Amino acid sequence: MESSLRVPDRAGLECPVEDVARGLLNALLVVGGRIGRIVEVEAYGGADDPASHAHRGPTPRNRSMFASPGTLYVYRSYGLHWCANVVSGAVGSPSAVLVRAVAPVAGLESMRRDRPRARTDRDLANGPGKLCAALGITGSDDGADLLDPSARVRLVRDDVLAPCDPVVSPRVGISVEVERPWRFRVPPPHAGAR
DNA sequence: CTTTGGATCGTCT
DNA sequence: GACGATCCAAAGG
């Protein structure tokens, strides 16, 4: 019986961002009573990745990406949506994992209240901007330490492991490096039996 | 189910 | 001044 929630290892977040991204699948994002299980992510590198916000060095917006691994990087997208990233890489070689979708686990009532347009529970948090709205993550959470047990936004692990065989595809919504297969998704239920 | 186009404003050049 | 690491509604199959 495994009941204690494990915090991801900070040193583990210094692995190559592609591996960090795979490892974050099925981890939990906890914001107060709201909990979502991470089911889709994208990896973004540093100076070597033209699609990354860190590509051109630090700016006021992306400064959190240059902080310690385990930091939360929240930015505004298209002027109105918030998007959340888990910062990875050692200090000095920034990278981050964009959380693209979570499956609602707890706090569904609050999520529905903050996502009135979602028609189904599945629509609650199946997008980078949607999950921030559903969980209540905003720009004021930027720079928080996700591994701090007392933080408002936490990243924790339960006994559901990351899948061995995630669905891999190119990242979406970008205009450069469009071929790099750095999008990872938990396989749909039926694809597991094989 | 899929496709298409408009909204909207902070950020960086 | 241009461009988004997006979302949603509407319309068609």
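Residue numbers begin at 1 in each chain, while the letters A, B, ... track the order of the sequences. Everything quoted here is computed from the prediction, not taken from an experiment.
Atom-to-atom distance recorded for R171(A):CZ and E177(A):CD is 6.5 Å, nearest 0.5 angstrom.
Remark: the backbone N or O of E40(A) is not paired with any side-chain donor or acceptor of R100(A) at under 3.5 angstrom. Between the side chain of D114(A) and the main chain of L135(A), no donor-acceptor pair closer than 3.5 Å is present. Of the possible donor and acceptor atoms, one in the side chain of S52(A) sits under 3.5 Å from a partner among the backbone N and O of G45(A).
Across all strands shown, dA5(C) remains unpaired; no Watson-Crick or G-U wobble contact has both distances below 3.5 Å.
Listed nucleotides dA5(C), dT11(B), dG10(B) differ in distance to I174(A); the shortest reach to its side chain belongs to dA5(C). Taking the side chain of S52(A) as heavy atoms from C-beta on, and the options dT13(B), dC7(C), dA5(C), the nearest nucleotide is dA5(C). The R117(A) side chain lies nearest to dA9(C) when the options are dA5(C), dA9(C), dC7(C). Here dT6(C) is the nucleotide among dT6(C), dT8(B), dC8(C) with the atom lying nearest to any side-chain atom of R100(A). Nearest to the side-chain atoms of L80(A) among the listed nucleotides dT6(C), dA5(C), dT8(B) stands dT8(B).
Across the protein-nucleic acid pair, D142(A) atom CG and dT11(B) atom P stand 10 Å apart, rounded to whole Å. Straight-line distance from the OH atom of Y75(A) to the P atom of dT8(B): 20 Å, rounded to whole Å. In this structure, W82(A) places its CH2 atom 15 Å from P of dA5(C), rounding to the nearest Å. Atom CG of N62(A) is separated from atom C1' of dG4(C) by 15 Å (rounded to the nearest Å). In this structure, CZ of R122(A) is placed 13 Å from P of dC7(C), rounded to the nearest angstrom. Here the C1' atom of nucleotide dC12(B) and the CZ atom of R56(A) are 9 Å apart, to the nearest Å. Between the P atom of dA5(C) and the CE atom of M65(A) lies a distance of 12 Å, rounded to the nearest Å. Distance, D123(A) CG to dT6(C) C1': 14 Å, rounded to whole Å.
The stacking criteria are not both satisfied for Y78(A) over the base of dA7(B), which would need a centre-to-centre distance under 5.5 angstrom and an angle between ring planes under 30 degrees.
A close approach under 4.0 Å does occur between a side-chain nitrogen or oxygen of S175(A) and OP1 or OP2 of dG4(C). H53(A) has a side-chain polar atom (N or O) that falls below the 4.0 Å cut-off from OP1 or OP2 of dA5(C).
As judged by a 4.0 angstrom heavy-atom cut-off over every strand, R61(A) is placed among residues touching the sugar-phosphate backbone only. Looking at heavy-atom distances under 4.0 Å, R119(A) makes no contact with the nucleic acid at all.
Where R76(A) and R115(A) each meet DNA chain C at their nearest nucleotide, the meeting point lying more 5' is that of R76(A).
You'll find the side chain of N26(A) reaches within 4.5 Å of the side chain of R37(A), heavy atoms only.
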